[in-house]
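Working notes for the structure below.
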Amino acid sequence: MFAAPRILYFTAEDHYLYHSAGRALELEAKFSGDEAGISAFRDYLRGQRGALFAVVADLAGEDFHEEQIPSLRGADREAILSRRLAQRYRDTRLAAALSLGTVETAERRNERVLLTSFTNTQQLTPWLDALQESGARLSGVYSIPLLAPALAKKLAARETRLLLVTANHAGLRQCYVENGKLRFARLERTGDMVPQALAVFVRSETQRLVQYLVTLRALPREGSAVQVVVVAPPGQKAAFEQALTSDARLQFRVMDYADALSHAKLKRVPEGAAAEALFLHLAARRAPSEQFASREDRRRYRIWQLQRGILATGIGVFAVCAAFGGYRWFQVLSVRGDAADQTAQASAAAAQYSRITAAFPVTDTTTENLKATVVEFRRIAERTANPEQAFRHVSRVLERNPQFELDALRWSIAKPAELRASPNAAKPPPAVPAEGVADALVVVELSGRVNATQRNDYRGITAQVQGFASALIGDRYELVRTQLPFDVTSEGVLSGDIGTSAETGEAPRFTITLSRRLP
Amino acid sequence: MKFTREELRRLALPLVIALVLSAAGGSIIWSADQALASAQRVLVAAQAERRQDNERLARIAEEEREVRATIDVYQQLKRLNILGEERRLEWADAITRIRTQRELLDLRYVVERERLLTSMPGKPANVDFYASTMKVGLQLLHEEDLLRFLDDLRESGNAFYAVKKCDITRVGQGIGGATMAPRLRADCDIDLITIIDRAAKK
């Protein structure tokens with residue numbers, strides 16, 4: 001899945017194929033720049049279908065041109081950049097536009113872009129075609145200058161204006177980086193120079209470049225010294241430091257090759273490799289997004305990236321779900337543990353309850369039913385009464401009032417509402433206690449006659465019946481109503497037949513109703 | 001970016017693998033959620049059971065007092081056969097026996113259909129109270145005969161006798177000739193109450 005990339009280091013003469021493995025760079029093959037080299041490269045690629053390749057060009061003819069375009073995004077920006085590249089370069093297969101940031105003008109907001117390409121792309125084309133035909137995946141075509149800002153960052157050179165100078169296999173490479181963005185670069189052949197001569201050459205070429213950049217107005221004519229970071233070849237740091245003395249215009253910082261490798265986290269390089277190894281390692285491990293290859297040349301690589309992206313997304317989703325699921329399962333275990341604790345506590349309480357209840361009196365039912373049975377039975381019993389008590393009460397009163405003779409006695413259990421609804425009710429029934437316990441009454445209705453009293457003696461009869469009724473009150477009995485043999489109320493009709501011989505001798509009848517609250 | 005058929009074929013396998021991985025991940029979460037919901041239900045039930053058992057344990061002293069206070073009544077209800085199914089034959093036997101023993105002149109009765117009086121919630125089953133109303137008609141020489149009849153009925157057991165109504169009316173002039181003529185007539189409604197405790201041991 002994570003294929004180790006191969007880097008084709010492309011110079012004007014020879015081309016070197018490196019294999020990046022972790023923090024090591026290994027030389028796999030070397031190809032000449034002629035037709036034989038291309039054939040050899042094709043032969044090599046036969047067994048490399050699907051392999052990952054990047055091309056890093058280190059050529060002298062590389063053009064850099066700054067322009068401004070309207071600040072746009074997406075397809076519009078792409079279209080403008082394509083047009084500008086097409087206007088400047090005859091062959092746009094290997095051309096790139098690097099953003100240098102935005103600039104505000106009076107009219108509008110513009111974007112500064114650096115258009116760059118090779119003056120002779122034909123030398124690269126057959127090699128790219130060979131890669132395309134072999135089925136290899138081309139991650140990108142870079143130049144050493146395109147990788148310079150990343151290397152400067154790795155070398156901890158963060159100055160606003162910076163010249164990065166390296167002695168590569170192809171020659172002396174000078175890259176001007178401004179605010180972390182590439183502005184210009186040039187390559188000068190060096191040939192075989194002794195260290196002192198190379199150091200002097202570096203100084204003179206750097207001064208020339210600075211002068212040129214001032215001419216281009218890429219550097220201010222006056223201003224602070226430009227930082228120049230020089231990566232000295234192995235063992236030449238002392239000679240470089242001696243030759244590269246700083247002045248008002250240039251501030252040299254010489255870095256040993258081994259230190260530069262350490263900064264770039266590159267542990268092993270092939271024998272004979274120069275400073276280009278630093279750039280190649282970056283191209284393999286931390287390649288910038290800006291590069292020269294067209295979309296079509298990189299299509300296989302894009303598909304491969306898409307495959308990896310889809311798989312990575314799936315793995316990521318699975319990992320997130322697994323982590324969340326694991327967290328949920330942790331919760332499940334915790335809740336189950338809590339439930340087990342609760343169940344154990346409940347069991348302990350139930351066992352303790354059973355132990356205690358075992359000492360209870362033996363019952364043939366459950367405690368709940370025992371209680372329900374007895375409570376309800378007591379409630380029913382409280383609403384029940386025996387007629388005997390009423391009979392004895394009435395008998396006692398009758399013994400004291402022998403002139404009264406009963407014809408009927410009606411004893412019943414009634415609710416206060418039933419008594420209130422009675423049509424003969426002469427007065428309201430006794431009030432129900434606030435506690436509401438007495439929801440039943442014993443009602444006793446006495447019907448009888450008054451002897452030894454003249455029927456027309458209304459006053460006498462009334463007095464006797466009322467006296468009898470009063471005598472019946474007591475022992476928790478209350479008088480509900482009294483019905484006389486005649487109506488002495490203003491609503492009724494009162495009649496009399498005084499002095500006639502039509503005396504029937506029938507004793508006057510009365511009715512008395514009593515009630516008694518049940519507890 | 002438009003894909004060719006070959007490119008789509010190359011993307012298919014990673015896509016399937018990603019979908020399978022996503023589905024597997026989703027199923028892990030789903031199953032965990034299900035298990036969590038189930039565990040939480042179990043926890044809620046266990047908490048309720050523990051709370052109930054603890055409350056019952058806390059009330060045990062009161063419960064013991066209640067048991068001791070009610071057990072005698074319950075046993076008496078059982079002894080009197082008030083607890084249990086209706087015993088209509090025993091009721092008929094008892095009335096016949098009382099009439100004979102008390103030399104009652106005339107006694108007629110009708111026991112109506114049993115009806116549910118009330119149902120008390122119990123555990124594990126309810127306690128049901130049933131009543132059957134008995135309408136009794138008696139010819140009496142004296143009102144004491146009625147009271148004795150009711151006392152005898154009560155003592156015969158097999159139900160709790162709740163007198164709901166008794167009408168006593170004068171029907172004659174009493175003992176005057178060679179035969180004993182009734183002086184009074186009593187008509188009573190009496191509820192014969194029985195209790196079915198569905199949790200009681202048979």
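So you know, we letter chains A, B, ... as the sequences are listed, proteins then strands, and number each from 1. Basis for what follows: all heavy atoms, side chains included, without hydrogens, waters or symmetry-related copies.
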Name the region of B/Ile71, side chain, backbone, both or neither, that has any atom closer than 4.5 Å to a heavy atom of chain A. both
Taking side chain as C-beta onward, heavy atoms only, is A/Val480 less than 4.5 Å from A/Val443? no
Most contact-rich option vs chain A, by heavy-atom pairs under 4.5 angstrom, among B/Pro121, B/Cys166, B/Gly25, is B/Cys166
With a 4.5 Å limit on heavy-atom distance, are the side chains of B/Ile168 and A/Pro387 in contact? no
Below 4.5 Å from any heavy atom of chain A, which atoms of B/Leu15 appear? Answer side chain, backbone, both or neither. both
Taking the side chain as everything from C-beta on, heavy atoms only, tell me whether B/Phe3 gets closer than 4.5 Å to A/Ile303. yes
Which of the residues B/Gly122, B/Ala32, B/Ala18 is involved in the greatest number of heavy-atom pairs with chain A at under 4.5 angstrom? B/Ala32
Measuring heavy-atom distances to chain A, does B/Leu36 have an atom under 4.5 Å in its side chain, in its backbone, in both, or in neither? both
Minimum heavy-atom separation for B/Leu138 and B/Val136, please, with both atom names. CG-CG1, 4.0 Å
Can you tell if the side chain of A/Phe391 reaches within under 4.5 Å of the side chain of A/Leu409, non-hydrogen atoms only? yes
If one checks every heavy atom of A/Ala385 against chain B at 4.5 Å, the contacting part turns out to be backbone
Report yes if some heavy atom in the side chain of B/Leu21 is under 4.5 Å from a heavy atom in the side chain of A/Ile315; otherwise report no. yes
Nearest atoms (heavy-atom pairs only) where A/Ala372 meets B/Val127: CB-CG2, 4.3 Å
Smallest separation among heavy atoms of A/Leu441 and A/Pro416, with atom names: CD1-CA, 3.8 Å
Of the listed residues (A/Leu406, A/Ile380, A/Leu370), which shares the most heavy-atom pairs with chain B below a 4.5 Å separation? A/Leu370
Pairs table: donor-acceptor atoms between chain A and chain B closer than 3.5 Å:
residue: A/Arg299; atom: NE; partner: B/Glu7; partner atom: OE1; Å: 3.3
residue: A/Arg299; atom: NE; partner: B/Glu7; partner atom: OE2; Å: 2.5
residue: A/Arg299; atom: NH2; partner: B/Lys2; partner atom: O; Å: 2.1
residue: A/Arg299; atom: NH2; partner: B/Glu7; partner atom: OE1; Å: 2.9
residue: A/Gln307; atom: NE2; partner: B/Arg10; partner atom: O; Å: 2.8
residue: A/Arg328; atom: NE; partner: B/Asp33; partner atom: OD1; Å: 2.5
residue: A/Gln342; atom: OE1; partner: B/Arg50; partner atom: NE; Å: 2.4
residue: A/Tyr353; atom: OH; partner: B/Glu63; partner atom: OE1; Å: 3.4
residue: A/Tyr353; atom: OH; partner: B/Glu63; partner atom: OE2; Å: 2.2
residue: A/Asp364; atom: O; partner: B/Lys201; partner atom: N; Å: 2.7
residue: A/Asp364; atom: OD2; partner: B/Lys78; partner atom: NZ; Å: 2.3
residue: A/Thr365; atom: OG1; partner: B/Asp197; partner atom: OD2; Å: 2.6
residue: A/Thr366; atom: OG1; partner: B/Lys123; partner atom: O; Å: 2.5
residue: A/Asn369; atom: OD1; partner: B/Lys123; partner atom: N; Å: 2.8
residue: A/Asn369; atom: ND2; partner: B/Ala125; partner atom: O; Å: 3.1
residue: A/Asn369; atom: ND2; partner: B/Asp197; partner atom: OD1; Å: 2.6
residue: A/Lys371; atom: NZ; partner: B/Glu66; partner atom: OE2; Å: 3.1
residue: A/Leu406; atom: O; partner: B/Arg170; partner atom: NE; Å: 3.0
residue: A/Leu406; atom: O; partner: B/Arg170; partner atom: NH2; Å: 2.4
residue: A/Asp407; atom: O; partner: B/Arg170; partner atom: N; Å: 2.7
residue: A/Leu409; atom: N; partner: B/Ile168; partner atom: O; Å: 2.6
residue: A/Leu409; atom: O; partner: B/Ile168; partner atom: N; Å: 2.7
residue: A/Arg410; atom: NH1; partner: B/Asp167; partner atom: OD2; Å: 3.2
residue: A/Trp411; atom: N; partner: B/Cys166; partner atom: O; Å: 2.7
residue: A/Trp411; atom: O; partner: B/Cys166; partner atom: N; Å: 2.6
residue: A/Ile413; atom: N; partner: B/Lys164; partner atom: O; Å: 2.8

Contacting region of B/Leu13 [heavy-atom separation from chain A under 4.5 Å]: neither
Give every residue pair that meets the salt bridge (Lys or Arg N to Asp or Glu O under 4.0 Å) criterion with at least one member in residues 13-23 of chain B, sequence neighbours excluded. none
Is B/Ala69 in contact with chain A via its backbone, its side chain, both, or neither, using a 4.5 Å heavy-atom distance? backbone
Looking only at heavy atoms, the pair that brings A/Ala339 and B/Ala46 closest together is O-CB, 3.7 Å
Side chain / backbone / both / neither for B/Ile60 at chain A, heavy atoms under 4.5 Å: both
Heavy-atom distances under 4.5 Å only: say whether B/Leu19 touches chain A with side chain, backbone, both or neither. neither
Side-chain contact, heavy-atom cut-off 4.5 Å: A/Ile413 with B/Val163? no
Interface check, chain A: of B/Gly26, B/Ala35, B/Cys188, most non-hydrogen pairs under 4.5 Å belong to B/Ala35
Is it the side chain or the backbone of A/Ala348 that comes within 4.5 Å of chain B heavy atoms, both, or neither? neither
Side-chain heavy-atom pair B/Ile28, A/Phe318 within 4.5 angstrom cut-off: yes
